[in-house]
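I have placed the structure first, in the form of C-alpha cells, so that the comments after it can refer back to it.
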Amino acid sequence: MLIGTLRLKLSLSWAQSLKDKRMMVKSLCAKLRDKFLVSVAEVDELDVIKTAVIGVACVGNSTAHLDSVLDHIIVW
C-alpha cells in the first residue's frame, strides 16, 4: 500500500473575510473529493484571510497511479 500526498498553497487576493475564504475552501474540497476520490482538508493558515493551504491524500498500489492522480489535481 502506498500513500500519495499533496499540499496546495492558494492565494485568495479577492477574499475580504474568513467567511469568503471558508466558502471557497469548502466548495473546492467538495469538488476535489467528488472528482478525484481523494481525501481533502484545509491544513494550515486557517485564520489567514488571503491564503488557503489544502492537503490532499490518496491511497493506491502503484506509484505511477498516485503520481497521475496528484498531477491531474494540480493541472485541474
> For the atom pair OG1 (T51) and CG (L46), what is the distance rounded to the nearest 0.5 Å?
Replying inline: 11.5 Å
> Distance from D67 atom CG to H65 atom NE2, nearest 0.5 Å?
Replying inline: 10.5 Å
> For the atom pair CG (L28) and CZ (R33), what is the distance rounded to the nearest 0.5 Å?
Replying inline: 9.5 Å
> What are the two closest non-hydrogen atoms of V25 and E42, and how far apart are they?
Replying inline: CG1-OE1, 3.7 Å
>> Assess the residue pair W14 and L12 against the criterion (side chain to side chain contact (heavy atoms under 4.5 Å, CB included)); give the C-alpha distance rounded to whole Å, side-chain angles, the decisive distance to 0.1 Å, and a yes or no.
In response: CA-CA 5 Å; W14 55 269; L12 309 173; 4.2 Å; yes
>> I need the I49 CD1 to D20 CG distance, nearest 0.5 Å.
In response: 8.5 Å
> So do L6 and V38 actually touch side chain to side chain, heavy atoms under 4.5 Å?
Replying inline: no
>> Looking at every non-hydrogen atom in both residues, tell me the closest pair between V40 and C29 and how far apart they are.
In response: CG1-SG, 3.4 Å
> CD1/I73 to OG/S68 distance, rounded to the nearest 0.5 angstrom?
Replying inline: 10.0 Å
> Taking a hydrophobic cluster as the set of Ile, Leu, Val, Met, Phe, Trp and Tyr residues connected by side-chain heavy atoms closer than 4.5 Å, whether directly or through intermediates, do I54 and L37 fall within one such cluster?
Replying inline: no
> Any idea which heavy atoms bring C58 and L70 closest together, and the distance?
Replying inline: SG-CD2, 4.0 Å
>> With side chain to side chain contact (heavy atoms under 4.5 Å, CB included) as the criterion, how do M23 and S27 come out once you've worked through the C-alpha distance, each side chain's angles and the decisive distance to 0.1 Å?
In response: CA-CA 6 Å; M23 181 177 59; S27 173; 5.9 Å; no
> What's the shortest heavy-atom distance between V59 and M1, and which atoms?
Replying inline: CG1-CG, 3.5 Å
> Under the side-chain hydrogen bond (donor to acceptor under 3.5 Å, both in side chains) rule, what pairs show up with a residue in residues 4-13, not counting sequence neighbours?
Replying inline: R7-D44, K9-E45
>> Can a donor-acceptor pair be found, under 3.5 Å and without considering hydrogens, that links the side chain of K50 to the backbone of A15?
In response: yes
